[in-house]
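Down below is the structure, laid out as structure tokens.
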Amino acid sequence: IHDLGGKQGFGPVIREAGEPVFHDRWEAAVFTTVRTCVVAGMIQNIDQFRHAIERIEPSAYLTHGYYGRWLGGLENLLVEADVISTRELTQRTQSLGGDASAGIAARPNPAFGPIAPETAPGSKRQVNDPPLFSIGQKVQTTSARRTGHTRLPAYARGRSGKVVALHDGWVLPDANAHGLGEAPRHLYTVEFSGEELWGTEAEPGLRVCLDLFEPYLEVDDE
């Protein structure tokens, strides 16, 4: 449900003039709690956290707002790390006046648990193998269905584009989110035409650039 890029039917993005950093006090509390969990080692990397957010209840993802999604993802991680149980969370919420019939965003998975910490600050890493693609080369994104976390959006799968920048090695989110190691890969910026992504209904002259990892790309034989 998180992969909504390019999907129709959700209306235009409304930009709020003078938007505050936080709309309500609880949003600031969620932000602070997440940062505290990072310092405490509960959240080891950004990919782990993003994947936890992606796994919340789809209806909650669409209706709970930005920090509501953060809260659901955080609850996933806390329960999966055995820091607190779903029952304890529910009891505490109700003791503070929470609605017992309200929908719950978190969907913790018993198969998930603590993962190893990052090997170094940031996400840029050394990759010894030379890049497979070069600037100006035509490439095609893989159309294979991917399970778990990935940074290849659905609307860009199986599409042809051109490499316009090379960023050397970076941590591969597809592995890092699942505690499978950082598995660094070369990262490229690939440019697509709007028509290639969305057909003739795309805005004329539109160009879209995506930062994509090497395993997402293939040589465009055409």
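Count residues from 1 along the sequence. Given the structure is predicted, the values throughout are model-derived calculations rather than measurements.
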- What do the steps show when you test Leu4 against Leu62 for side chain to side chain contact (heavy atoms under 4.5 Å, CB included), and what is the final call? CA-CA 10 Å; Leu4 295 173; Leu62 294 176; 3.7 Å; yes

Which distance, rounded to the nearest 0.5 Å, do you find between the [atom1] of [X] and the [atom2] of [Y]?
{"X": "Arg69", "Y": "Thr63", "atom1": "CZ", "atom2": "OG1", "result": "9.0 Å"}
{"X": "His186", "Y": "His167", "atom1": "NE2", "atom2": "NE2", "result": "12.5 Å"}
{"X": "Ile46", "Y": "Ser123", "atom1": "CD1", "atom2": "OG", "result": "8.5 Å"}
{"X": "Lys7", "Y": "Trp198", "atom1": "NZ", "atom2": "CH2", "result": "11.5 Å"}
{"X": "Gln126", "Y": "Trp170", "atom1": "CD", "atom2": "CH2", "result": "13.5 Å"}
{"X": "Gln44", "Y": "Asn176", "atom1": "CD", "atom2": "CG", "result": "10.0 Å"}

- Can you list every pair that meets salt bridge (charged side-chain N to carboxylate O under 4.0 Å, His left out) and has a residue in residues 14-37, with sequence neighbours left out? none

- Query: So which pairs with a foot in residues 183-210 pass salt bridge (charged side-chain N to carboxylate O under 4.0 Å, His left out), sequence neighbours left out?
  - Reply: Glu191-Arg207

Suppose we screen for side-chain hydrogen bond (donor to acceptor under 3.5 Å, both in side chains). Which residues come up paired with [X], at least two apart in sequence or across chains?
{"X": "Tyr216", "answer": "Thr150, Asp174"}
{"X": "Asn76", "answer": "none"}
{"X": "Arg92", "answer": "none"}
{"X": "Glu88", "answer": "Ser85"}

- Task: Determine which pairs satisfy ring-ring contact (aromatic ring centres under 6.0 Å, His included) with at least one residue from residues 21-47, sequence neighbours left out, and list them in order.
- Result: Phe22-Phe31, Phe22-Tyr67, Phe31-Trp70

- Which residue pairs pass the ring-ring contact (aromatic ring centres under 6.0 Å, His included) test with at least one member in residues 130-150, sequence neighbours excluded? Phe133-Tyr188

Count I, L, V, M, F, W, Y as connected when their side-chain heavy atoms are under 4.5 Å apart, and connections chain through other members. Are [X] and [Y] then in the same cluster?
{"X": "Leu210", "Y": "Leu197", "result": "yes"}
{"X": "Ile115", "Y": "Val39", "result": "no"}
{"X": "Leu180", "Y": "Leu172", "result": "no"}
{"X": "Leu89", "Y": "Val34", "result": "yes"}
{"X": "Phe49", "Y": "Met42", "result": "yes"}

State, yes or no, whether a side-chain contact exists between [X] and [Y] at a heavy-atom distance under 4.5 Å.
{"X": "Val171", "Y": "Thr119", "answer": "no"}
{"X": "Leu212", "Y": "Leu217", "answer": "yes"}
{"X": "Arg50", "Y": "Arg151", "answer": "yes"}
{"X": "Ser134", "Y": "Val163", "answer": "no"}
{"X": "Arg87", "Y": "Thr90", "answer": "no"}
{"X": "Glu80", "Y": "Pro110", "answer": "no"}
{"X": "Ile53", "Y": "Leu74", "answer": "no"}
{"X": "Thr141", "Y": "Glu218", "answer": "no"}

Donor-acceptor check, side chain of [X] to backbone of [Y], threshold 3.5 angstrom: yes or no?
{"X": "Asp3", "Y": "Ala154", "answer": "yes"}
{"X": "Thr189", "Y": "Asp211", "answer": "no"}
{"X": "Glu182", "Y": "Glu118", "answer": "no"}

Shortest non-hydrogen separation from [X] to [Y] and the atoms involved:
{"X": "Cys37", "Y": "Leu78", "result": "SG-CD2, 4.2 Å"}
{"X": "Arg125", "Y": "Pro184", "result": "CB-CB, 3.7 Å"}
{"X": "Pro173", "Y": "Asp47", "result": "CB-OD1, 3.3 Å"}

- Residues forming a ring pair (Phe, Tyr, Trp, His ring centres under 6.0 Å) with His178, sequence neighbours excluded: His51

Donor-acceptor pairs are to be reported for all side-chain atoms of residues 96-108 against protein atoms at under 3.5 Å, with residues two or more places apart or in another chain.
| from | atom 1 | to | atom 2 | distance (Å) |
| --- | --- | --- | --- | --- |
| Asp99 | OD1 | Ser101 | N | 2.9 |
| Asp99 | OD1 | Ser101 | OG | 2.8 |
| Asp99 | OD2 | Ser101 | OG | 3.2 |
| Arg107 | NE | Arg55 | O | 3.1 |
| Arg107 | NH2 | Arg55 | O | 3.4 |
| Arg107 | NH2 | Ile56 | O | 3.4 |

- Task: Go through the steps for Gln140 and Val219 under the test side chain to side chain contact (heavy atoms under 4.5 Å, CB included), then give the verdict.
- Result: CA-CA 6 Å; Gln140 186 176 55; Val219 174; over 6 Å; no

- Taking only residues two or more places apart in sequence, or in another chain, which ones meet Leu71 in a side-chain contact (heavy atoms from CB on, under 4.5 Å)? Val30, Glu75

- Item | Verdict with reasoning, Ile135 to Val164, per side chain to side chain contact (heavy atoms under 4.5 Å, CB included) | CA-CA 5 Å; Ile135 294 176; Val164 295; 5.6 Å; no

- Query: For residues 152-165, which residue pairs qualify under side chain to side chain donor-acceptor pair (under 3.5 Å), counting only residues two or more places apart or in two chains?
  - Reply: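 Only Ser160-Asp220 qualify under side chain to side chain donor-acceptor pair (under 3.5 Å).
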
- Report the C-alpha separation of Leu152 and Thr142 in whole Å, then their side-chain angles, then the decisive distance to 0.1 Å, and conclude whether the side chain to side chain contact (heavy atoms under 4.5 Å, CB included) test is met. CA-CA 9 Å; Leu152 174 61; Thr142 177; 3.7 Å; yes

